[in-house]
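Just so you know, ligand 1 is whichever comes first in the structure, and atom 1 is the first atom listed for that ligand. None of these values were measured; they are calculated from a predicted model.
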Amino acid sequence: MNRRRGPGVTNCASTFYNPPVPMIQTLRFVLGDQLSRCLSSLRDLDPLRDVVLMVEVGDEATYVRHHKQKIAFVLAAMRGFAGALEKEGIRVDYVKLDDPANTHSFTGELKRAVARHRPARVVATEPGEYRVLEMMRAWADMNGLPVEMRDDDRFFCSRAEFAAWAKDRKSLRLEFFYREMRRKTGYLMQGDAPVGGAWNFDSENRKALPRGHRAPDRRRPAPAPELGAVLDLVAARFGDHFGDLEPFVWATTREGALAALREFVAERLHLFGDYQDAMKSGDDFVYHAAISPYLNAGLLTAREVCDAAVAAWRDGAAPLNAVEGFLRQILGWREFVRGIYWTRMPDYAATNHLGARRRLPEFYWTGATKMNCLRETIGATRRNAYAHHIQRLMVAGNFALLAGIAPAEIEKWYLIVYADAYEWVELPNVHGMVLHADGGVLGSKPYAASGAYIDRMSDYCKGCAFDRRKRTGEGACPFNFLYWNFLIENESKLARNPRLALPYRALAAIAPSEREALRAASTQFFASLAI
Ligand SMILES: Cc1cc2nc3c(=O)[nH]c(=O)nc-3n(C[C@H](O)[C@H](O)[C@H](O)COP(=O)(O)OP(=O)(O)OC[C@H]3O[C@@H](n4cnc5c(N)ncnc54)[C@H](O)[C@@H]3O)c2cc1C
Ligand code: SF4
């Protein structure tokens, strides 16, 4: 069904003068992750002469079978954004998913819209994914119409700026990039030096939660008016996709996203640094912000989030270790992975440095495993289309690394299951940070860890059928034998990495018979999972 608005010809005009219906000058195509009023393609919008085009297409909802809450979040946020533009008096041509004429592709819908409006030109902001960029490049010739593609300047670092920074560097490391970004933005800087005399305060961070400590509960956002219809639509059309649709845990409007940011800054930011690596049974968010879906879809901008965190530090509401740690995630990691994505695609996705080939175990979809850490992580993922960073990295990701899951299989899983997953941010995190499939482009070593790490940072091992202290034998924690098996399997590729010198020295001290036992336990385990 179309919510097309005409230019508003009124009945009360004089019979002698009919105001001319203005020609459509510019058709402004806004994608589902571009829901920002400051978007480059909306910047010079003329409400009298321009139309904003927004389309819900089946191709995007199903090119991978996204989590139900992810689809509902994007559709409801798009409808809310269109409504907000219309309230401003902007004409929005909005094609819904159940419009019978919907072609279900961006290109098909743009063609139809061009035929409807006959604009003089099309303006769009560059997309976040290489796949969509390839599609949009073909639009340049559409009906001979000029198509202007603008930079997505909602990021601190443009693609060109990152490419210039990366050029001629032997290795790309977050730490150096992050310092550049601090200098460029002036965040937490005193002249040319970092506030507090250090670029990071990791030594004060990354504690386990004290026994009995509970982070403040995250409040469930009030549902937006359009949410009910969207939930019905998603239940009807995508009911067999992964994950729970309800209770739906995300805000879908800018106001709701701002409220979530304010709540985080007031209630959780002050302990973000201390507990950013902590995991706890039954606490799906701990001290994390849970704002990535809002940032990635455009409901919040990275700048306003960083401004809010730095203001809390200035006001004495949050300490430096927390604010710097949080800033590094957004100003550092988020920008860095995007830069890697755009400078390395499309070849990046095809690399498989460790030659990982195993299939993804079924329990990633069902959560049916006796490994409590994975059950907790996958359970949170099903419930919320969210797991926090350490669950993604050190539980779900660590297992995939140690088990040698084929990159394409596990990358598809991450793209499906998280509400914040778009390829530009998902791929470098999984392919580079977790799997080391890029051979060290993004990180200098894989984050492989045994059960000891999970035990130190969580309470998961206490409720587990496995014994995290056992390396082999009855009831041994799979993360333990898989960890050593991983080091053995990849010895030729990893043993010379100076950052892995310690684990390889420990491996050398393991007796040959024990090595054999670790290998045998792993082989048996893989067979039991049929991977
Ligand atoms: C295997 C793996 C897959 C991931 N996939 C995604 C993804 O698809 N989409 C996504 O947005 N993030 C992804 N991340 C990064 C990070 O886990 C999420 O951004 C974070 O968990 C979102 O929750 P939050 O808002 O509570 O984050 P917080 O922990 O509160 O951090 C604040 C913000 O920092 C940014 N951030 C933090 N770490 C990263 C990072 N490594 N890369 C990029 N941004 C970061 C996010 O915008 C986040 O909202 C992934 C990380 C890993 C290890
Ligand atoms: S014992 Fe092993 S499998 Fe169980 S929760 Fe701990 S790390 Fe996970």
S.K.: Taking a 3.5 Å cut-off between nitrogen or oxygen atoms, can you list every pair linking ligand 1 to the protein, with distances?
M.R.:
unit_1, atom_1, unit_2, atom_2, d
ligand 1, 8 (O), D420, OD1, 3.4
ligand 1, 9 (N), D420, O, 3.0
ligand 1, 9 (N), D420, OD1, 3.0
ligand 1, 11 (O), N296, ND2, 2.8
ligand 1, 17 (O), H389, ND1, 2.9
ligand 1, 21 (O), H389, N, 3.4
ligand 1, 23 (O), Y386, OH, 3.4
ligand 1, 25 (O), A290, N, 3.3
ligand 1, 25 (O), I291, N, 2.9
ligand 1, 25 (O), S292, N, 3.1
ligand 1, 26 (O), A289, N, 3.3
ligand 1, 26 (O), A290, N, 2.6
ligand 1, 26 (O), Y386, OH, 2.6
ligand 1, 29 (O), H288, ND1, 2.7
ligand 1, 30 (O), A289, N, 2.8
ligand 1, 38 (N), Q329, OE1, 3.4
ligand 1, 41 (N), N429, OD1, 2.9
ligand 1, 42 (N), N429, ND2, 3.1
ligand 1, 49 (O), S292, N, 3.4

S.K.: Does the structure place the NZ or CZ of R392 under 6.0 Å from the centre of the six-membered ring of W413, at an angle of no more than 45° from the ring's axis?
M.R.: no

S.K.: Quick one: does any side-chain atom of Q69 pair with a main-chain N or O of A385 as donor and acceptor, under 3.5 Å?
M.R.: no

S.K.: Which residues pass the ring-ring contact (aromatic ring centres under 6.0 Å, His included) test with H431, sequence neighbours left out?
M.R.: Y348

S.K.: Can you see whether F156 has R303 sitting over its ring - NZ or CZ less than 6.0 Å from the centre and within 45° of the normal?
M.R.: no

S.K.: When R338 is tested against each of E129, E426, E126 for salt bridge (Lys or Arg N to Asp or Glu O under 4.0 Å), which residue passes?
M.R.: E126

S.K.: Could you check whether atom NZ of K412 has more than 12 heavy atoms from other residues, nucleotides or ligands sitting under 6.0 Å from it?
M.R.: no

S.K.: What about the rings of F73 and H67, do their centers lie closer together than 6.0 Å?
M.R.: no

S.K.: Using a 6.0 Å cut-off, check whether atom NZ of K370 has over 12 heavy atoms from anything other than its own residue.
M.R.: no

S.K.: Excluding waters, which protein N, O or S atoms are within less than 2.8 Å of atom 8 (Fe) of ligand 2?
M.R.: C373 SG

S.K.: Not counting sequence neighbours, which residues clear ring-ring contact (aromatic ring centres under 6.0 Å, His included) with F466? List them please.
M.R.: none

